[in-house]
Every structure is written in structure tokens, then in C-alpha cells.
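Written below as C-alpha cells is the structure these notes are about.
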Amino acid sequence: MALDLATSSVIDAYTPREAPACWVEVGPLVKAVVTATVERVPYAVVDLLHVVARLALWAEGRGVAREPAAWLKNETVDAFVLTGCAGLKPGTLRTYRTWLRRVREVLVFDDGGQEGLKLSAPPAPASPYEDEEIAALRSWARQLRPRARSDALALMALADGMGLAPGEIARLRGTDIRRTRSGACVLDAAVLGRLLVAHAGWEEILAELTGQAGDDFLFRPGHKDPPPDNLIASWTHQHQPETPLPKLNARRLRASWIVSLMRRRIDPGVIAAAAGLASTASLARYQHFVPPLSDRETARLLRGQR
């Protein structure tokens with residue numbers, strides 16, 4: 001379904017507050033549901049994202065199948081409203097139930113008496129940038145005015161250098177990253193629930209940016225806390241390099257980080273954990289971006305030679 005740019009940007013950038021690691025896999029399904037329904041229901045896109053995401057994450061925590069058809073069953077919605085919304089007023093609970101049932105109605109179709117959800121598969125992962133594109137975008141960012149320069153480099157360093165998702169980038173502060181004696185820029189597990197170390201090529205820029213930001217946000221310092229859902233999308237829409245350079249996109253930058261690690265044959269468990277993925281199975285979506293090993297390299301690995 002084709003949506004206007006503003007709506008698409010909000011959906012693309014959305015991440016719940018304090019999103020668990022499983023959001024990386026659940027999120028695309030939530031966004032697919034909202035994309036398919038937002039223009040067919042009388043609800044604001046941000047409200048719809050919030051309610052569907054809350055239902056999906058509640059269902060994930062209770063072992064419900066990871067698919068919209070399972071989340072949106074009437075009995076699942078009722079259980080969610082009764083047990084998954086503690087502290088909310090009765091009127092809010094009724095609203096949630098009404099919204100979720102309406103979402104189900106617009107997705108369900110009748111095919112010979114059988115019910116099913118008319119919903120496309122989750123979107124494919126963003127394609128990574130090539131190395132020369134990253135270098136060109138980095139050069140472009142350095143030529144921007146000081147404030148825009150810092151924001152562009154922060155976005156690139158955190159996404160391409162550390163593999164952070166958009167919602168994580170928006171919440172990170174300068175004091176969250178420490179530099180070791182060896183020069184490494186480290187994000188301790190206490191910050192996002194997983195250990196991250198920046199790629200060496202981004203260390204100097206991150207050190208500069210963290211010094212400038214202090215305890216303020218690294219990307220767009222001074223923004224609201226919690227950040228608006230379109231914080232990154234609105235900035236990249238306003239700051240795009242001229243052709244032939246590619247557009248700057250946080251999801252593509254993160255994909256570039258994941259694929260670069262896969263191309264270097266880093267252990268899949270290490271990559272999945274650092275990316276906040278639920279399992280190494282999630283990396284399969286990126287495998288077609290990774291060229292196969294040569295026969296010579298394959299033979300060397302199989303033989304066990306260093």
C-alpha cells in the first residue's frame with residue numbers, strides 16, 4: 001500500500017520506548033500491520049503503532065506465535081486487554097479492544113468460508129551501502145555546517161559504526177559511550193542490554209562527538225525525552241546529499257554494519273547478540289548480500305590452516 005511520505009516516515013522510524021531485543025524481529029510485522037491498515041481505520045498512525053506494538057510484545061512474552069493472525073484473534077486481544085494493560089483506565093481498555101478488533105476486521109477476508117489475514121510478508125531488510133558509498137557519504141557529512149555535520153556523523157557512526165537501530169540512536173547520550181586506553185569506543189551492556197564496541201574506523205569521530213555532547217544526546221542534542229518517533233526520518237528528509245550520492249538512511253546504515261561483519265566471517269552468535277537479534281536465524285535475511293568464499297579460502301578453513 002502506497003502511503004504519503006510523512007506517514008511512511010513515522011512507521012519506518014517507530015520503536016517503542018525501552019524496546020526489548022525481540023523488537024528487531026517483531027517490529028517489521030507490527031509495521032506491516034499498520035502499513036496495511038492505517039488508511040482504512042480512523043486512528044492516528046502513532047496511536048495505531050503504539051497499540052499494535054504493545055499487543056505484539058505482550059503476545060511474544062507469552063509464547064503466542066509470532067504472526068499477526070495469532071495476535072489479532074479475538075481471544076488473544078481479550079486476554080491482552082484483561083492481563084496486559086495493568087494500570088490503564090477502563091475507558092482506555094475499551095478503546096484498545098475496539099481499535100484492535102477494527103484492525104482485524106480490515107485485514108480479514110472471506111475466501112470460501114475460511115478466515116485469513118490479507119497481509120504481505122514482513123519487509124525485506126534494507127540493502128547495505130557499498131564501501132565507496134559510505135566513504136562518499138562520510139565526506140559529504142564533513143562538509144555540512146557544524147550542527148548538521150555533527151548530527152550526520154553521529155547518525156553514521158552509531159548506525160554504521162555500532163549497528164544501532166533508529167530508536168536506540170535517538171536515546172543515546174555522550175556519556176553512554178566510554179573510551180578505553182586502547183582507543184576503543186565501548187557501549188556497556190548496562191545501557192542497551194548488550195555489549196557493543198564501535199568499528200575502529202569510527203573511533204576518532206565518536207570520541208569527538210561524545211566530548212561535544214557530554215550528557216546530552218549524541219544525535220540532535222536538546223531534543224525531547226522521550227524522542228518523537230520521526231526524529232531521524234525528519235532530519236534525513238531535510239538533509240539529503242545531491243545526486244549521484246545515495247540518500248542517507250538509518251536502516252541501510254545498520255544493515256551495512258551487519259553485512260560487513262558477516263562478510264568478515266565473524267561468529268554469527270556474536271553478530272546476533274551485538275545487533276540485539278533474538279537468534280542467529282535472523283541473519284539469514286542478510287545472507288544474500290554476503291559473497292560466497294572462494295574455493296581456496298573454503299579449503300583453507302576446512303583444513304584448519306591459519
Counterpart residues, salt bridge (Lys or Arg N to Asp or Glu O under 4.0 Å), relative to D215 (two or more places apart)
none
Residues that P20 engages under side chain to side chain contact (heavy atoms under 4.5 Å, CB included), provided they are two or more places apart
C22, L57
Residues forming a side chain to side chain contact (heavy atoms under 4.5 Å, CB included) with L88, sequence neighbours excluded:
R54, C85, T92, L93, Y96
Begin with the C-alpha distance, continue with both residues' side-chain angles, and end with the deciding distance and a verdict on side chain to side chain contact (heavy atoms under 4.5 Å, CB included) for I205 and R138.
CA-CA 11 Å; I205 287 178; R138 191 162 165 168; 3.5 Å; yes
Donor-acceptor contact below 3.5 Å, side chain [X] vs main chain [Y]:
X	Y	result
H239	L248	no
R263	F289	yes
R102	V41	no
T35	K31	yes
T37	V103	no

Could you measure the distance from the [atom1] atom of [X] to the [atom2] atom of [Y]? Nearest 0.5 Å is fine.
X	Y	atom1	atom2	result
Y286	L283	OH	CG	8.0 Å
N230	H237	CG	NE2	11.0 Å
H199	S260	NE2	OG	6.5 Å
L301	R296	CG	CZ	12.0 Å
E67	L72	CD	CG	10.5 Å
R251	I232	CZ	CD1	12.0 Å

Are V270 and V259 linked, directly or through other ILVMFWY residues, by side chains that come within less than 4.5 angstrom of each other?
yes
same_hphob_cluster(L55, V45) at 4.5 Å side-chain heavy-atom cutoff:
yes
Can you tell if the side chain of [X] reaches within under 4.5 Å of the side chain of [Y], non-hydrogen atoms only?
X	Y	result
E297	R300	yes
W99	D47	yes
L245	Q240	no
I177	L218	yes
S127	R252	yes
H50	Y14	yes
F80	R62	no
N249	T236	no

Suppose the criterion is salt bridge (Lys or Arg N to Asp or Glu O under 4.0 Å): which pairs have a residue in [range], not counting sequence neighbours?
range	result
residues 143-162	R147-D151, R149-E208
residues 179-192	R178-D188, R179-E204
residues 189-201	E168-R194

Between V191 and L172, is a side chain to side chain contact (heavy atoms under 4.5 Å, CB included) present by the stated rule, with each step listed?
CA-CA 9 Å; V191 181; L172 210 64; 3.9 Å; yes
Note: R97-D78 ion pair, threshold 4.0 Å (strictly below)
yes
Salt-bridged, D225 to R173, with N to O below 4.0 Å?
yes
From CA spacing to verdict: side-chain hydrogen bond (donor to acceptor under 3.5 Å, both in side chains), R220, S234
CA-CA 11 Å; R220 301 185 74 173; S234 63; 3.2 Å; yes
Is there a side chain to side chain contact (heavy atoms under 4.5 Å, CB included) between V33 and L48 once you walk through the steps?
CA-CA 9 Å; V33 169; L48 199 58; over 6 Å; no
Using 30° and 60° as the class limits, which term best fits the ring planes of F217 and H223: parallel, tilted or perpendicular?
parallel
Going through the checks in order, is the side chain to side chain contact (heavy atoms under 4.5 Å, CB included) test met by V77 and R104?
CA-CA 10 Å; V77 171; R104 177 179 174 81; over 6 Å; no
